[in-house]
Amino acid sequence: MNIAIINTTDIPLTDKDFNNDKVSIVNTRIIDLKYCEGCFECWTKTPGLCVHFDDMPKILQTIMNSDLTVYISDVKIGFISSELKKVLDKTLPLMHPYFDISHGEVHHKARYDRYPEIALVLIENQEISSSAYNIIENWFARVSYNMMTNVKFVIKDDTPLGGLKNEISNH
Amino acid sequence: MKLVIINGSPRGKESNSNVITNWIATGIVKSTQVNKISAIKTDFQRGAKDSTKIIESMQLDKFYTANINTHREAVDSIEDNSTVVVVFPLYGDAMPAITKLFFEELEIIANKKENVKMYYIVHSGFKGANHCRAVERYLVYLTDYLGFKYMGTAIKPGSEGLRLTPVENLLDFTNDFYSLSKDIAKGSDFDVNTLKRLVGFEFPSEEYKIGIKQSNGNTGYFSRILKQNNAFTKCFDKPYQRKSKKSY
């Protein structure tokens with residue numbers, strides 16, 4: 001199983017942290033990532049590709065090469081960080097502008113034949129209230145609907161590594 | 001009354017959110033029976049921050065989260081007794097990242113301002129309000145976290161292309177947004193009936209879903225733009241098709 005780890009915290013992870021050649025890591029804080037401008041040109045001008053050049057293609061290829069993509073995020077004012085949201089906003093070119101029905105709702109159609117399962121590690125810089133956790137968990141399920149996949153796990157931890165290593169060894 | 005309008009669209013002034021914020025501002029002016037609509041429109045075409053004194057007792061500031069440099073100024077603009085209206089498009093069933101960044105900036109005034117009222121307007125290109133319910137729950141949490149007063153979230157599905165739609169085709173929408181403006185001007189919660197009218201329905205009808213299946217999800221809108229851009233033949237390209245680890 002190939003695992004992509006998209007680490008949006010400012011604590012960088014390295015290959016040595018996992019010692020597993022099936023794990024690919026991207027530390028988003030040390031690469032160039034622009035905000036999605038909502039121009040839709042990744043759908044209407046260069047299908048599947050963002051027209052604004054930054055390092056996002058590396059993340060998208062890492063995601064699509066994986067069977068499981070784990071996103072790691074700080075929790076800021078009760079939600080995932082803007083840094084992780086920036087990454088997720090820019091996964092738009094992975095989907096197609098046409099529509100499809102999923103979970104009884106209208107979603108954008110899949111561009112690819114398969115998508116990795118997704119997981120979320122929430123870093124507790126301060127204690128995450130149960131209501132905030134539930135809001136994030138509920139919303140992350142919706143992310144999986146949009147990305148035509150499933151949520152493998154959502155965990156909270158006080159470091160990016162502790163619980164994640166256990167989850168990875170379990171899967 | 002100090003009114004702070006936040007346009008949370010990454011498209012900034014060229015956004016459907018801007019159409020809505022202008023309706024809200026215009027509606028508030030109408031509600032206060034002061035005929036300075038044209039002055040407001042003019043002011044809103046200027047720089048990153050627009051500020052208009054509507055009447056002696058009302059100051060209106062408008063900011064765009066797309067301009068990160070003004071986030072702190074927008075935060076500083078929120079005073080005791082301010083009314084804040086945040087309008088944003090749904091990105092990934094939540095607020096756009098740039099607007100989340102602005103929310104994070106608000107933390108510095110959490111529980112430090114008295115009687116700040118928060119109104120939210122969330123619009124989405126999808127049919128059905130269900131896509132917006134998860135972020136609506138977060139907005140309730142956020143407002144409480146900040147120590148502000150939650151006044152309601154108006155959800156408007158099917159908003160894509162709003163800014164390109166002739167005004168005469170939008171009269172029902174504009175009237176509903178003017179109604180919301182009256183609520184804001186009065187300082188009352190959003191009217192439940194207006195919210196219901198804007199929402200329309202939670203889930204699209206079975207007929208609509210069958211239509212989506214039968215058309216292969218092609219509503220015509222994106223195909224038309226793809227063809228205009230000579231990109232239709234690449235429509236189903238898969239540039240990030242899975243590769244072996246060695247090759248990337």
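By convention in this document, chain letters (A, B, ...) are assigned in the order of the sequence lines, proteins followed by strands, and residues within each chain are numbered from 1.
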Does the [X] side chain pair with the main chain of [Y], one donor and one acceptor, at a distance under 3.5 Å?
{"X": "B/K2", "Y": "B/I78", "value": "no"}
{"X": "A/Q61", "Y": "B/Q241", "value": "yes"}
{"X": "A/D67", "Y": "A/M1", "value": "no"}
{"X": "A/T91", "Y": "A/L94", "value": "no"}
{"X": "A/S129", "Y": "A/A132", "value": "yes"}
{"X": "A/N27", "Y": "A/R29", "value": "no"}
{"X": "B/Y64", "Y": "B/R11", "value": "no"}
{"X": "A/S73", "Y": "A/S81", "value": "yes"}

Q: Step through it carefully: locate the ring centre of A/F99, locate the ring centre of A/H108, and say whether they are under 6.0 Å apart.
A: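 Yes: the rings meet the under 6.0 Å criterion.
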
Q.
Ring centroids only, cut at 6.0 angstrom: are B/F173 and B/W23 within range, meaning strictly under it?
A. no

Proximity breakdown for [X] and chain B, heavy-atom pairs closer than 4.5 Å:
{"X": "A/I80", "value": "backbone"}
{"X": "A/F40", "value": "side chain"}
{"X": "A/L88", "value": "neither"}
{"X": "A/F79", "value": "both"}

Q | Nearest atoms (heavy-atom pairs only) where B/P10 meets B/A66 | A |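 In terms of heavy atoms, the two residues are closest at O-CB, 3.6 Å.
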
Q) With the threshold set at 4.0 Å, does a side-chain nitrogen-carboxylate oxygen contact exist between A/D17 and A/K165? A)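 No, no charged N to carboxylate O under 4.0 Å.
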
Q. Does the pair B/R72/B/D76 count as a salt bridge with the N-to-O cut at 4.0 Å?
A.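 No.
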
Exercise: do [X] and [Y] side chains pair donor with acceptor under 3.5 Å:
{"X": "B/N18", "Y": "B/R163", "answer": "no"}
{"X": "A/N2", "Y": "A/S66", "answer": "no"}
{"X": "A/E105", "Y": "A/H107", "answer": "yes"}
{"X": "A/N7", "Y": "A/T9", "answer": "yes"}
{"X": "B/T65", "Y": "B/T99", "answer": "yes"}

Less than 4.5 Å to any heavy atom of chain A: does that hold for the side chain of [X], its backbone, both, or neither?
{"X": "B/F102", "value": "neither"}
{"X": "B/F236", "value": "both"}
{"X": "B/Y221", "value": "neither"}
{"X": "B/P204", "value": "side chain"}
{"X": "B/Y138", "value": "both"}
{"X": "B/L142", "value": "side chain"}

Look at [options] and state which one has the largest set of heavy-atom pairs under 4.5 Å with chain A.
{"options": "B/I225, B/V135, B/T219, B/N216", "value": "B/N216"}
{"options": "B/E202, B/K227, B/K213", "value": "B/K213"}
{"options": "B/R133, B/E206, B/M95", "value": "B/M95"}
{"options": "B/S15, B/S223, B/S215", "value": "B/S223"}
{"options": "B/N229, B/I68, B/D93", "value": "B/D93"}

Q | Top contributor to chain B interface from A/S131, A/P93, A/C36 [non-hydrogen pairs under 4.5 Å] | A | A/C36

Q: Sort out for me which of A/E37, A/E41, A/K90, A/E83 touches chain B most, counting heavy-atom pairs under 4.5 Å.
A: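 If we count pairs closer than 4.5 Å to chain B, A/E37 comes out on top.
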
Q: For chain A, find its close neighbours in residues 111-131 of chain B: heavy-atom separation under 4.5 Å, sorted by number, or none.
A: B/F126, B/N130, B/H131

(Q) Heavy atom to heavy atom, less than 4.5 Å: which residues from residues 146-157 of chain A reach chain B? (A) A/N146

